[in-house]
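See structure below.
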Amino acid sequence: MATTRTDPSRGRRLHRRHDRSFRPKRTPTALHLLMNIFAEFHAVLAKSLDALVAEGKLPAGLDLSRAVVEPPRDITHGDLSTNAALVLSKGAKMKPRDVAELLSAKLAADPRIAGTDIAGPGFVNMKLKPEIWRDLARSILTLGEKFGDGTMGGGKKVNVEYVSANPTGPMHVGHCRGAVVGDALAALLEKTGHDVTREYYINDAGAQVDVLARSVHHRYREALGENVGPVAEGLYPGDYLKPVGAALATEFGTKYQTAPEAEWLTLFRERAIAAMMDLIREDLKALGVVHKVFSSEKNDIVGKGRVNEAIEYLKSRDLVYTGVLEPPKGMKPEDWEPRPQMLFRATQFGDDVDRPLAKSDGTWTYFAADMAYHLDKYRRGFERLIDVWGADHGGYVKRVDAAVKALSEGRATLEVKLCQMVNLLDKGEPVKMSKRAGTFVTLRDVVDEVGADVVRFVMLTRKQDQHIDFDFAKVREQSKDNPVFYVQYAHARHRSAFRQAKANFADLDTSDAALAKADLSRIGDADELALLRMLSGYPRILEAAAEASEPHRVAFWLYDLASTFHALWTRGNADPSLRFVLPEDRETTLARLALVRNVGITVASGLRLLGVTPAEELR
RNA sequence: GACCCCGUAGCUCAGCUGGAUAGAGCACUUGCCUUCUAAGCAAGUGGUCGCAGGUUCGAAUCCUGCCGGGGUCGCCA
């Protein structure tokens, strides 16, 4: 396996490239926009190190790639902390504390650093001048929701394929996790400077779409008034096919009522798939998910001979052969019989066994088509492919990874994000669902009932490889168990503070531009500065989340931010002098509104990234 | 049998890709509304990070082996 998650060198490399390339440019005329404080001070650290090398106090060629500048766990340790001395001591052949002494003295000379000290085994802690936080506040007001935009991706093309539900019916709740995770991941990658394409793969070439066509034919006859009885075993029984059958009845009358299957199968299949895709697109739209590209297995891959091309390519590399697979050990398939098959040498690329490409009836396996599809993505210029799948497809990862490696000669990378199951519950009791029996809860039902905001946020309150319990009773409650309200409430409160300000100062200019000019030296309370310090972590969180492909981190961070803001807000209850709006003090009000607006901008940015509406008010 | 994921407070889960004294919500105990919307806040109780080794200045995090739970395993998609 060589996916991103298991390749330890990958993250490091990206970090370093980003950090090194970040050189704050100071233009005397414009305000220097503080974007990522940690990246900036990593640059300061590198400069200090260079100086120490030039002075001969440290040897040249030290590897700074493992050194990080981060917020200390405990704020009494200062604003920034670096492990540089610990990381460098070995290469410098010095004790960590001694390296720390040198770095500490050098860093203390930076005009923006108020002081440094050494702690523990050799951490260097830095205390920044409060003016830094006020610069940050002004920067956020100037940037607006661009705050947090990053260049980490370097404009690189990334293809994110997600949902890709079979076109045999409306989406059920189980699909919505992948939809939300994929969508948020795509947004996150865009925010961090990637050129993202959101894509959906339509599995419309298999046997199941023929079943769909037959199911529609049943509904068609039904619509013509024929007494067809219940839907036959093995067909899709859902009512959602009735309108499709009815439309065909209107259009073609009795033409295909008794005709042999061969006469209508293709037509009915195409109409049915088109109708189902319309349905699915509507469902996705209700959830706020919009794909840019829909690739059809049948029309874009198989029909265009892409599978043949892929196989021919592999054959030319001697990666295809005819062989007989061993039955899997430990389980005894009853109908197992050894059979020669066309196989792809997946084992040469890290898979456990070689994989079949053709079925016994001569048609391609799903894998063969999927392989060709991934080659198609690569040929469209994507060297980074991300697929979001359900965890039940976990056993399929290695072979597609092997295929991508083989077909791109190692130039393309595939990351598969597996989303664990969503356990659907009602008051703690499992809800039974069966698509074949037609008893399943649709995504639409859930979205209509609790709203897209709640569905989306809940789906992001777990790491994707962790199970989620989605309990209707709880989600319906719209109580404080629902973290989405907690975060939205922070945004609503920020709006409320502005309404309050207008009520007290009718003529007050509270535009972001005006707030950026406020006298921010009036922001001095420890909790106020702590809030700004927290906001400074936003770009950092986005980068880390993007690098790990873990959008849930943004949701958790927003929750923490909301918590910090609520705490500050509530202090005003006990001590009116700490309120944001002070009817007696226009200037301080303006400064505090600037702070509040910083929170509002950042919460809105984060929520929008996750596809959740920043609420104006919650009542 | 093989492969993948998970195991952290009573419960549900985070833990910033190896850092300092392991965090949050729920639950439980105790306070805060003549209100900048209390859908909120503050404090307290609660941990052998599944077990055992290893790697190093340092491990919940990385490696190995076990234990427990889930998922998957030729011609379904």
Side-chain angles (χ1 to χ4, degrees), chain A residues 1 5 8 10-12 15 66 68 70-74 77 81 83 86 89-90 95-96 119-123 125 164 166 168 203 205-209 297 324-331 333 336 338-339 341 343 351-353 355-361 363 365-367 369-370 390-398 418 420-421 461-463 465-467 469 478-483 485-486 488-490 492-493 496-497 499-501 503-504 537 540-541 543-545 547-548 552-553 556-557 559-560 563 566-574 576 579-583 617-619:
Chain A
M1 281 291 284
R5 291 173 62 85
R10 195 163 181 284
R12 223 173 269 159
H15 263 316
R66 285 178 56 220
V68 293
E70 58 187 357
R73 185 190 302 270
D74 187 338
H77 291 142
S81 172
N83 63 348
L86 297 164
S89 69
K90 197 171 222 174
K95 288 178 185 168
F123 292 100
N125 296 324
S164 298
N166 294 330
T168 56
N203 303 142
Q208 62 187 348
V209 284
E297 177 183 4
V324 180
L325 288 176
E326 295 287 316
K329 286 170 184 165
M331 52 183 301
W336 176 274
R339 178 176 289 141
Q341 290 174 299
L343 300 170
D351 201 353
D352 304 317
V353 290
R355 301 293 180 177
L357 296 169
K359 303 181 200 169
S360 52
D361 67 1
T363 59
T365 58
Y366 179 81
F367 172 57
D370 205 12
D392 52 340
H393 290 67
Y396 191 69
V397 175
K398 282 190 183 181
L418 292 179
Q420 270 296 345
M421 313 265 127
T461 51
R462 291 279 182 287
K463 203 157 61 176
D465 42 22
Q466 193 78 241
H467 289 88
D469 287 342
Q478 309 203 347
S479 71
K480 53 192 167 186
D481 283 354
N482 244 329
F485 293 113
Y486 187 83
Q488 282 182 317
Y489 189 36
R493 271 185 157 173
S496 170
R499 288 193 292 270
Q500 195 66 30
N504 283 279
R540 195 169 173 272
I541 282 292
E543 276 195 11
E547 187 155 319
H552 75 279
R553 293 190 191 190
F556 279 92
W557 187 83
Y559 188 89
D560 283 345
S563 174
H566 288 316
L568 187 59
W569 178 289
T570 308
R571 281 185 66 199
N573 283 344
R579 295 184 178 183
F580 300 134
V581 177
L582 304 173
E617 55 181 346
L618 297 177
R619 277 193 191 275

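Below, chains carry the letters A, B, ... as their sequence lines are ordered, and counting in each starts from 1.
A residue-by-residue look at A:Arg499 and A:His552 shows that A:His552 has its nearest nucleotide of RNA chain B further toward the 5' end.
Within the 4.0 angstrom heavy-atom criterion, base atoms lie near A:Tyr366. Residue-level contact check: A:Ala492 touches the bases, meaning some heavy atom is under 4.0 Å from a base atom. Among the atoms of the strands shown, base atoms are found under 4.0 Å from some heavy atom of A:Asn83.
The CD-P distance, from A:Gln341 to B:G74, rounds to 10 Å in whole Å. Atoms CZ (A:Phe556) and P (B:G25) sit 13 Å apart, rounded to a whole Å. Protein atom OH of A:Tyr396 is 11 Å distant from nucleotide atom C1' of B:C76, rounded to whole Å.
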Under-3.5 Å N/O pairs linking protein and nucleotides 34-36 of chain B:
from	atom 1	to	atom 2	distance (Å)
B:C36	OP1	A:Asn573	OD1	2.4
B:C36	OP1	A:Arg579	NH2	3.3
B:C36	OP2	A:Arg579	NH1	2.5
B:C36	OP2	A:Arg579	NH2	2.5
B:C36	O2'	A:Gln500	OE1	2.7
B:C36	N4	A:Trp569	O	2.5

Are any protein N/O atoms closer than 3.5 Å to N/O atoms in nucleotides 55-64 of chain B? If there are, list each pair with its distance.
none

Fill in the blank from the handout: With both pairing distances under 3.5 angstrom for Watson-Crick or G-U wobble, and | for a partner in another strand, the correct string for RNA chain B is (((((((..((((.....[...)))).(((((.......))))).....(((((..]....))))))))))))....
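The aromatic rings of A:Tyr396 and A:Phe367 lie perpendicular to each other, with more than 60° between the two planes, well past the 30° mark.
Taking only distance into account, the side chain of A:Arg540 meets the base of B:C16 through a donor-acceptor pair shorter than 3.5 Å.
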